[in-house]
Structures are given as structure tokens and as C-alpha cells.
Participant: 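After the C-alpha cells below, expect a handful of questions from me.
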Amino acid sequence: MGYYFSCDLAPVPLTFTRCDGLHFVIVNQQEVIFIHISELSRKTGVSLRSLRYYEEKELLTPTRLENGYRQYTESEIERVRMIQLYFSLGLGVKEISDFFHCTSSANLNYQCLPNAIQVGEKKLKEIRNQIQILRMAEVHLEDCLSSWKEILRKGDSLNE
């Protein structure tokens, strides 16, 4: 596969474009692949509108190309999945943002950890309560199904 590259004659990593159109840079001897918003949407199943909303709320911070296009790294696929998971757990934008800002990569912010722990523990308690309710519903439904099958079996034996 052929590569094209650009360089501004500055001591920064070179940006390469593969013949298949993917852009990437070499950082610490590892290839970092960039994708556009449509590709991020396709790979995560999240709408373009939602991705733009995440950017507006600073949950995602893509780089912008000269033409204004958003450019994401493939590692942001996992971040989008985490955002979706947090939303499904009932967290709001501010709580998700606080989690991300508190624990972003190598910059662990100890000052915000107490609040993150408090929010996390509250949410964990809610999840455990939901699991308990679901288990009770499961037992009830199993009992109902068992009874209904027994009624049906007895009814079939009477008709014979």
C-alpha cells in the first residue's frame, strides 16, 4: 500500500495519507489512524447529530481540518461507547463530562475524585436496586409461565 505524506518542516510527527484515504500519524512509534465523523457514526451506531451534540457539550473534542471537517482518532470509538453506556445508566451530560475531565488519560485530577466517587456510588446503588427488581420480575414471570404450562398440560389431558 502506498503512502503520501505532508510536512510543514516543523519538528512534529509527519501526517501520512494511505492510498485507501485514511489519514494517520506516527506517535511514539505507533500508528494513530484518523477517521471522519461519518465513519465514527458508522462504527458506533451513533447518529451524526448526537456526535455533534457530544462535541458541543465537550464530551468529544475532535481536531478540525483546514476545510472544517472533524477528525477523530479510532480510540474515540471506545469513548463514544462509554458515553452511550453512561447515558443508558441515567447519567447526565454534566456527570459524564465530570467523569471524563476527572480521569482523562494520564491527567488524573484528584480534586474531583470525591465527587466522581459520590456520583458513581449513587449510580451503582441505583443499578443494584434495578437488578433486584429485575430478578423479582424474573422469578414472578417464571412462576407464571410454569403455572400456565401446567394448566395447558392438564387441559390437554382432559381433552384426550
Side-chain angles (χ1 to χ4, degrees), residues 12-18 20-152:
V12 296
L14 295 176
T15 300
F16 296 86
T17 303
R18 296 189 330 199
D20 61 4
L22 289 175
H23 301 287
F24 69 95
V25 295
I26 305 296
V27 178
N28 296 331
Q29 299 179 349
Q30 291 186 339
E31 180 178 10
V32 178
I33 296 178
F34 292 102
I35 57 176
H36 293 288
I37 191 169
S38 58
E39 183 71 6
L40 182 62
S41 174
R42 188 185 66 73
K43 288 186 174 193
T44 61
V46 175
S47 71
L48 296 173
R49 183 176 180 188
S50 292
L51 293 172
R52 290 183 186 112
Y53 176 76
Y54 299 165
E55 179 185 359
E56 176 187 320
K57 298 300 180 182
E58 298 179 359
L59 298 176
L60 290 176
T61 52
T63 56
R64 291 283 188 146
L65 299 176
E66 289 177 11
N67 60 8
Y69 287 6
R70 294 166 178 85
Q71 191 173 30
Y72 301 88
T73 63
E74 283 204 326
S75 66
E76 287 171 293
I77 293 169
E78 187 59 31
R79 186 175 179 101
V80 169
R81 290 183 179 141
M82 290 304 301
I83 292 168
Q84 290 290 292
L85 173 65
Y86 288 150
F87 275 135
S88 73
L89 295 175
L91 294 175
V93 170
K94 178 159 179 17
E95 294 166 319
I96 296 169
S97 179
D98 288 349
F99 276 163
F100 284 152
H101 288 108
C102 186
T103 60
S104 65
S105 62
N107 301 327
L108 185 61
N109 183 343
Y110 289 96
Q111 295 168 335
C112 67
L113 282 177
N115 184 54
I117 290 169
Q118 182 181 12
V119 170
E121 286 176 341
K122 180 182 175 205
K123 187 48 63 180
L124 186 59
K125 183 178 179 182
E126 290 173 13
I127 291 169
R128 288 180 175 149
N129 287 337
Q130 290 174 345
I131 290 170
Q132 185 177 12
I133 291 168
L134 287 171
R135 285 187 178 137
M136 291 180 346
E138 177 187 32
V139 168
H140 175 74
L141 187 55
E142 285 174 342
D143 290 345
C144 288
L145 288 170
S146 179
S147 296
W148 297 337
K149 288 176 183 179
E150 184 64 22
I151 291 169
L152 188 59

Participant: Return a table of donor-acceptor pairs under 3.5 angstrom between the side chains of residues 40-51 and protein atoms on other chains or two or more places apart.
Facilitator:
{"unit_1": "Ser41", "atom_1": "OG", "unit_2": "Val46", "atom_2": "O", "d": "2.6"}
{"unit_1": "Arg42", "atom_1": "NE", "unit_2": "Glu39", "atom_2": "OE1", "d": "3.4"}
{"unit_1": "Arg42", "atom_1": "NH2", "unit_2": "Glu39", "atom_2": "OE2", "d": "2.6"}
{"unit_1": "Lys43", "atom_1": "NZ", "unit_2": "Glu74", "atom_2": "OE2", "d": "2.7"}
{"unit_1": "Thr44", "atom_1": "OG1", "unit_2": "Leu40", "atom_2": "O", "d": "2.7"}
{"unit_1": "Thr44", "atom_1": "OG1", "unit_2": "Val46", "atom_2": "N", "d": "3.3"}
{"unit_1": "Ser47", "atom_1": "OG", "unit_2": "Ser50", "atom_2": "N", "d": "3.0"}
{"unit_1": "Ser47", "atom_1": "OG", "unit_2": "Ser50", "atom_2": "OG", "d": "3.0"}

Participant: Measuring from Ile151:CD1 to Ser146:OG, what's the distance to the nearest 0.5 Å?
Facilitator: 10.0 Å
Participant: Sequence neighbours left out, what passes side-chain hydrogen bond (donor to acceptor under 3.5 Å, both in side chains) with Arg64? Give chain and number order.
Facilitator: Glu55
Participant: Does the pair Phe87 and Val93 meet the rule for a side chain to side chain contact (heavy atoms under 4.5 Å, CB included), with working shown?
Facilitator: CA-CA 8 Å; Phe87 275 135; Val93 170; 3.8 Å; yes
Participant: Do other residues, nucleotides or ligands put more than 12 heavy atoms under 6.0 Å from Glu142 CD?
Facilitator: yes
Participant: If you round to the nearest 0.5 Å, how far is CD of Glu78 from OG1 of Thr73?
Facilitator: 11.5 Å
Participant: Set out, in order, the CA-CA distance, both residues' side-chain angles and the distance that settles side chain to side chain contact (heavy atoms under 4.5 Å, CB included) for Phe100 and Arg79, then state yes or no.
Facilitator: CA-CA 9 Å; Phe100 284 152; Arg79 186 175 179 101; 3.2 Å; yes
Participant: State the CZ-CG distance between Arg52 and Leu60, to the nearest 0.5 angstrom.
Facilitator: 12.5 Å
Participant: Taking the side chain as everything from C-beta on, heavy atoms only, tell me whether Glu121 gets closer than 4.5 Å to Leu124.
Facilitator: no
Participant: With a cut-off of 6.0 Å (strictly less than), are more than 12 heavy atoms of other residues, nucleotides or ligands near CD of Gln111?
Facilitator: no
Participant: Looking at Ile96, Thr61, Ile83, which one forms a side-chain contact (heavy atoms from CB on, under 4.5 Å) with Tyr54?
Facilitator: Ile83
Participant: Could you check Leu91 against Phe99 for side chain to side chain contact (heavy atoms under 4.5 Å, CB included), going step by step and ending with a plain yes or no?
Facilitator: CA-CA 10 Å; Leu91 294 175; Phe99 276 163; 3.6 Å; yes
Participant: Is there a side chain to side chain contact (heavy atoms under 4.5 Å, CB included) between Val139 and Met136? Walk through the geometry before answering.
Facilitator: CA-CA 5 Å; Val139 168; Met136 291 180 346; 5.9 Å; no
Participant: What distance separates Leu113 CG from Asp98 CG, expressed to the nearest 0.5 Å?
Facilitator: 11.5 Å
Participant: Parallel, tilted or perpendicular: which one describes the rings of Tyr69 and His36, with boundaries at 30° and 60°?
Facilitator: perpendicular
Participant: Identify the heavy atoms of Glu95 and Val119 that sit nearest to each other, and give their distance.
Facilitator: OE2-CG1, 3.9 Å
Participant: Please round to the nearest 0.5 Å and tell me the distance separating atom CG of Leu145 and atom NE2 of His140.
Facilitator: 9.5 Å
Participant: CD of Glu126: more than 12 outside heavy atoms within 6.0 angstrom?
Facilitator: yes
Participant: For the atom pair OG (Ser97) and NZ (Lys57), what is the distance rounded to the nearest 0.5 Å?
Facilitator: 10.0 Å
Participant: Might you point out which heavy atoms bring Glu76 and Pro62 nearest each other, and give the distance in Å?
Facilitator: OE2-N, 4.5 Å
